[in-house]
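Fair warning: this is a prediction, and the values are worked out from it, not measured in the lab. A, B, ... follow the sequence lines: proteins, then strands. Residue 1 opens every chain.
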Amino acid sequence: MRGEPRGGARRRTGLRMAAERKTKLSKNLLRMKFMQRGLDSETKKQLEEEEKKIISEEHWYLDLPELKEKESFIIEEQSFLLCEDLLYGRMSFRGFNPEVEKLMLQMNAKNKAEEVEDETVELDVSDEEMARRYETLVGTIGKKFAKKRDRANYEEDENGDIKPIKAKKMFLKPQD
Amino acid sequence: MAEPAAHAAESFAGCRARAARTVLDQVVLPGEELLLPEQEDGEGPGGAGERPLRLNAGARPRVRVVCGPGLRRCGDRLLVTKCGRLRHKEAGGGGGSGVYWVDSQQKRYVPVKGDHVIGIVTAKSGDIFKVDVGGSEPASLSYLAFEGATKRNRPNVQIGDLIYGQFVVANKDMEPEMVCIDSCGRANGMGVIGQDGLLFKVTLGLVRKLLAPNCEILQEVGKLYPLEIVFGMNGRIWVKAKTIQQTLILANVLEACEHMTADQRKQIFSRLAES
């Protein structure tokens, strides 16, 4: 008689404890992927909010006043080279050191490089001379590329120049 | 270092900043503030009345200005740090209102990036040479920074040799570093300067004067004897002629011509040409 209710009470408390235990699943556990399925939307939202809070709290930034970046139009330059057009520092006179003399011309001409360039582009062979020379070559090179059969068509004239004889191919009217 | 300079300028010359244009070729003093042509209107005490009205009074035109040795930028202001004459050069390539600098007289050399200098090798330590260039600190020179040098093929540089080289690193916080090749890896006359010859020191101003294009002194000197000469921007000059006597004469002439008038120089050169 006495034992029964006691036993019932015990069972009930046992159930209650189980329910309490169920709600007391730790947050870290609930956040795990396999636990997400069984969660209801409310707890899900709560968890998300908490996570956001943690992230924003942990997010750190530099506590500095905003930098005023001003573009300056003054440039500092501590070299005299830019200010005064100084010559190259190695020099040689009257052929004491020919190497340096050559170098001197080269280095000091850098400032006037543009002017000098125009002069150096002077042609070694004029265009006319070039044309005259290649005129005579037309035959020689033409012969090289001609077929053996056609080679007979090239014959040397009195100057020794080789010129192609143009055998004009014409339509020959057949005789009847 | 910029802070005290700024304060000094404010207390000393803050109220009487002069327009750079009006003091060209005049003496300026350290601490003085200069106004660039773009800043003159409104700010300049004398400039306001004379200058015609501008349409875009509010927006300041952005013209790039280079401030050379002897000047320092402090925010938007231009301060003088050396005593000397203010010089100006128009910009070559258009755009920008040119270069301002102070032509000062000084003997102490401060390494500047890009300068060609004559140094003396004082120590060999591992893979670098220590080179005395006359600055506050010896410059370092890597043994690889010579033309044709490799890890196996070391350049033949001994302690006491003279080196003609160029600064690649030179600022107030770091040890200056020299090289003896240009960006293409060629020597272009840099490296160890040959045997014999005479090295002497002159003021930095004299070196610049001698290296100026169309310098009369150098043209005259070149006519005297066959000679070789090397100028370092650190105030060192190395000369070599056929005989010791000629070398000494040249060194003395070059040293002396700093404070001579053109007539005096002419006299000396004519006298030397006779003998």
Side-chain angles (χ1 to χ4, degrees), chain A residues 59-127 130, chain B residues 36 38 60-73 75-78 87 89 96 99-101 103 110 112-118 164 167 170-171 188-190 193-194 204 207-208 210-213 215 218-219 221-233 240-242:
Chain A
H59 189 86
W60 57 274
Y61 55 94
L62 286 174
D63 191 17
L64 286 176
E66 236 175 87
L67 266 177
K68 279 182 201 164
E69 193 55 55
K70 266 190 188 171
E71 197 198 351
S72 178
F73 57 97
I74 304 176
I75 305 156
E76 269 186 76
E77 172 65 53
Q78 290 303 316
S79 173
F80 276 106
L81 278 175
L82 194 84
C83 309
E84 304 169 16
D85 301 311
L86 298 179
L87 295 175
Y88 184 62
R90 283 200 84 157
M91 293 176 189
S92 158
F93 296 97
R94 291 175 59 182
F96 191 84
N97 190 342
E99 260 178 59
V100 173
E101 234 156 90
K102 213 188 286 171
L103 194 76
M104 206 172 121
L105 278 176
Q106 187 193 323
M107 297 296 278
N108 291 336
K110 262 183 188 171
N111 310 337
K112 306 160 199 161
E114 285 149 35
E115 296 163 32
V116 175
E117 255 177 45
D118 296 334
E119 287 164 27
T120 52
V121 178
E122 218 172 76
L123 293 168
D124 295 336
V125 185
S126 72
D127 292 343
M130 189 87 160
Chain B
L36 294 167
E38 293 78 39
R60 198 173 279 168
R62 293 261 158 204
V63 187
R64 302 211 303 170
V65 177
V66 178
C67 65
L71 297 174
R72 156 179 288 171
R73 179 180 68 88
D76 255 358
R77 306 185 309 156
L78 194 62
R87 304 275 188 212
K89 190 181 88 175
V99 189
Y100 288 93
W101 76 95
D103 194 4
V110 180
V112 172
K113 190 181 170 187
D115 267 4
H116 287 83
V117 293
I118 299 176
Y164 185 60
F167 279 113
N171 56 48
N188 261 344
M190 287 183 278
I193 302 174
L204 304 187
V207 170
R208 291 205 306 274
L210 291 171
L211 281 179
C215 172
L218 221 55
Q219 286 168 0
V221 166
K223 286 177 199 162
L224 287 178
Y225 318 112
L227 74 135
E228 191 182 347
I229 191 162
V230 183
F231 296 96
M233 287 300 286
K240 187 184 175 187
K242 288 250 163 81

Checking [X] against chain A: side chain, backbone, both or neither under 4.5 Å from a heavy atom?
{"X": "Val112(B)", "value": "side chain"}
{"X": "Phe167(B)", "value": "neither"}
{"X": "Leu204(B)", "value": "neither"}
{"X": "Lys240(B)", "value": "both"}
{"X": "Leu224(B)", "value": "backbone"}

Worksheet entry | Which atom of Met233(B) lies closest to which atom of Phe80(A), heavy atoms considered |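 Met233(B) and Phe80(A) have their closest heavy atoms at CE-CB, 4.1 Å.
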Item to complete: Please name the pair of heavy atoms, one in Pro226(B) and one in Phe96(A), separated by the smallest distance, quoted to 0.1 Å.
Response: O-CD1, 3.5 Å
I want to check something: taking the side chain as every heavy atom from C-beta on, are [X] and [Y] in contact at a cut-off of under 4.5 Å?
{"X": "Lys89(B)", "Y": "Asp85(A)", "result": "yes"}
{"X": "Ser79(A)", "Y": "Pro69(B)", "result": "no"}
{"X": "Arg73(B)", "Y": "Ile75(A)", "result": "no"}
{"X": "Ile74(A)", "Y": "Leu78(B)", "result": "yes"}

Worksheet entry | Qualifying residues under side-chain contact (heavy atoms from CB on, under 4.5 Å), relative to Leu227(B), sequence neighbours excluded | Phe93(A), Val221(B), Ile229(B), Val239(B), Ala241(B), Leu250(B)
Pairwise distance [atom1]([X]) to [atom2]([Y]) - rounded to 0.5 angstrom:
{"X": "Glu84(A)", "Y": "Leu211(B)", "atom1": "CD", "atom2": "CG", "result": "9.5 Å"}
{"X": "Phe231(B)", "Y": "Leu87(A)", "atom1": "CZ", "atom2": "CG", "result": "9.0 Å"}
{"X": "Met190(B)", "Y": "Leu103(A)", "atom1": "CE", "atom2": "CG", "result": "9.5 Å"}

Discussion item. For Glu228(B), is there an ion pair with Arg90(A) - N to carboxylate O distance below 4.0 angstrom?
Written reply: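 Salt bridge between Arg90(A) and Glu228(B), a charged N being under 4.0 Å from a carboxylate O: yes.
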Item to complete: Look only at the side chain of Arg94(A) and the backbone of Lys223(B), and say whether a donor-acceptor pair between them is shorter than 3.5 Å.
Response: yes
Worksheet item: Which of the residues Glu99(A), Met91(A), Glu77(A) is involved in the greatest number of heavy-atom pairs with chain B at under 4.5 angstrom?
Response: Met91(A)
